[in-house]
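See structure below.
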Amino acid sequence: MELEAPQLTTWQGYVDWKNKPALRGRHGGMLAASFVLVAEILENLAFLANASNLVLYLKQHMHMSPSKSANNVTNFMGTAFLLALLGGFLSDAFFTTYRVYLISAVIEFMGLIVLTIQARDPMLKPPKCDRDSECEEVNGAKAAMLFVGLYLVALGVGGIKGSLPAHGGEQFDETTPSGRKQRSTFFNYFIFCLSCGALIAVTFVVWIEDNKGWQWGFAISTITIFLSIPVFLSGSPTYKNKIPSGSPLTTISKVLLAAVVNSCTYKKNSSSAVVNMASSPSNPHSEQETVKANTTTETPTQHLKFLNKAVTNSSLECSVEEVEDVKVVLKVLPIFACTIIFNCCLAQLSTFSVEQAASMNTKLGSLKVPPSSLPFFPVVFIMILAPIYDHIIIPYTRRATKSEMGITHLQRIGFGLVLSIVAMAVAALVEIKRKRVATESGQLDDPTKPLPITFLWIAFQYLFLGSADIFTLGGLMEYYFSEAPIRMRSLATSLSWASLAMGYYLSSVIVSVVNSVTGNGTHKPWLSGANFNHYHLHKFYWLMCVLSALNFLHYLFWATRYKYRGTSTSN
């Protein structure tokens, strides 16, 4: 009697938490991803509870100037997001996303303990300001303790950001339309959960910091990141973890070096055949099947043809699959570059916008609202918009366009960039109004009293930038994950956060350059000094508006020419 072949029940290239082959029906799916979503709520709460209010902590308790406080915050945030590349690299090359998250959470926990101890002990902070003398800025061992704590947190946050989104995205079956739709839903709800954590952070925890003391705010963050570890671990039996496949940087370097070496050694073979990978961005075949198909081809595609020389016989052996993978990486880099200015605009929400609000009337009736709670407005809007986008807008566009995606990733990102232009224009107009009120009320030279204008005016710029964030960040995450080669997905997804990092760093650079250029001669720099009312912040916002508009034109140039992985038509 002939026995039937057993049905394949394992996930190819994945293992469970015990390093055994992951099984279909037991590992992966929305249940596994739900633990990731809850962990993201706790993780982002711990991070943003302090980051959103950090500029005031450095100014009021560490006695730094407004511009120095802003630069330190942007450097801290930038480093945290840039280190996501390290987390993504380690997840792809040596560890699983599962292990990288756990290690990173412990590191962030240690950093928050250091900051909590310093905030609690007055001896570890600079002395309180005396009216008869200038405030002493934090220095020496106290400054070292502050920055050790901050950058341990940054290292932990980077590892988490580089591993957690990719870990959730890996849980779905991309060989089926339903699996790909579930993955899209996951990334939309990842932004939703990120906002849930942010909502608690910028309301409850910020209120605690301003009214009960920063030691309590840091303590809440410490407890929260600690709780995220058992929550994440509780999903272990359901996870499927991608087996690391070696350093993606090695592959990229090898292909680029082989292409250069072979172009110098051999002449181009004009008789090479061309493989036309014709499919749509909503390819019904899986990315794994596409890669498998590529490995069976004898020649690479025509796109970025100079890399095809890497497959020529030489001491550096490069497969067609490796060459095609590197092509995909190079294709997404211009899109990555076009989102940096957007994130530079976003950086203003945690720096100058907070200081704007702090100078205004922050009362709502009898309730005094901390300026750092202003992100409440975009966060709530994101939490409302994310389900609407996933359950109403996307299904409608799928029916209208008769495509699986409905709205392409690049269209979604582009809409977010347009909103950022509007946000900067609104910010400039609001700052003009704030300065006019300060002048008319005779408080231009007296920054100690709140201006007779409600802080709700600042909510408009938060609202536009928050709306832009759900389109751009959500679109970027899914774009990088779906377009990247499977062996580089964690690193590619980390580019979403690296763009944020570059935006924060660029913000610091632009502020320094603006101050340098405008501070010549008898004129004071636009963004310098102890009196915030003397800043020419509206001019700075107009500058950001113009840069954002030019950046959008740059984005259109690349987006309209981009060809999705495996398609022959541009977006």
Side-chain angles (χ1 to χ4, degrees), residues 9-40 43 84-85 87-104 159-191 193-194 232-246 248 283 285-292 325 328 409 474 476-497 565:
T9 58
T10 60
W11 290 102
Q12 187 71 25
Y14 292 88
V15 294
D16 64 8
W17 68 297
K18 295 181 179 179
N19 212 33
K20 296 179 180 179
L23 303 175
R24 293 177 179 271
R26 181 179 299 179
H27 301 109
M30 191 57 79
L31 175 61
S34 64
F35 290 99
V36 174
L37 295 176
V38 176
E40 175 56 24
E43 179 274 326
L85 291 174
F89 170 77
L90 294 175
S91 299
D92 284 331
F94 306 112
F95 307 102
T96 60
T97 50
Y98 176 83
R99 291 180 180 177
V100 170
Y101 175 83
L102 293 174
I103 295 170
S104 301
I160 291 173
K161 299 297 186 187
S163 58
L164 197 59
H167 183 71
E170 290 169 356
Q171 304 306 314
F172 301 99
D173 183 3
E174 61 183 2
T175 63
T176 64
S178 62
R180 292 191 293 273
K181 289 179 180 178
Q182 283 185 327
R183 186 178 67 189
S184 180
T185 295
F186 164 77
F187 281 111
N188 286 327
Y189 274 94
F190 188 87
I191 303 298
C193 291
L194 184 148
F232 183 79
L233 284 173
S234 62
S236 298
T238 66
Y239 297 145
K240 63 186 181 84
N241 304 307
K242 180 171 65 70
I243 300 172
S245 54
N283 184 3
H285 299 289
S286 73
E287 185 272 347
Q288 289 173 315
E289 291 173 330
T290 304
V291 169
K292 184 178 179 181
D325 286 350
V328 172
H409 306 316
L476 277 175
M477 281 189 179
E478 191 175 357
Y479 166 71
Y480 289 137
F481 189 91
S482 60
E483 289 292 288
I486 192 169
R487 70 177 77 185
M488 304 179 186
R489 278 184 167 172
S490 298
L491 181 61
T493 307
S494 300
L495 289 174
S496 306
W497 307 110
R565 186 173 175 84

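All values reported here derive from a predicted model rather than from experimental measurement.
Two residues are said to be in side-chain contact when any heavy atoms from C-beta on lie closer than 4.5 Å; E478 and F190 fail this criterion. No side-chain heavy atom of P244 sits less than 4.5 Å from a side-chain heavy atom of F95. Within the 4.5 Å cutoff, the side chain of D325 has heavy atoms near those of the M488 side chain.
Centroid-to-centroid, the aromatic rings of H27 and Y239 stay 6.0 Å apart or farther.
A salt bridge is absent between D173 and R180; no separation between the charged side-chain nitrogens and carboxylate oxygens falls under 4.0 Å. Using a 4.0 Å cut-off between charged nitrogen and carboxylate oxygen, E40 and K161 count as a salt-bridge pair. Taking the charged nitrogens against the carboxylate oxygens, D92 and R487 have no contact shorter than 4.0 Å, which rules out a salt bridge.
Annotation: cation-pi geometry satisfied between R489 and F481 (NZ/CZ under 6.0 angstrom from ring centroid, within 45° of ring axis).
S91 and Y101 share no donor-acceptor pair across their side chains, judged by distance under 3.5 Å alone.
A side chain to side chain contact (heavy atoms under 4.5 Å, CB included) with K242 is found for exactly one of T97, T96, I486, namely I486.
For the atom pair CG (L37) and OH (Y189), the distance works out to 10.0 Å, reported to the nearest 0.5 Å.
Qualifying side-chain contact (heavy atoms from CB on, under 4.5 Å) partners for L31, counting only residues two or more places apart in sequence or in other chains: S34, F35, T238.
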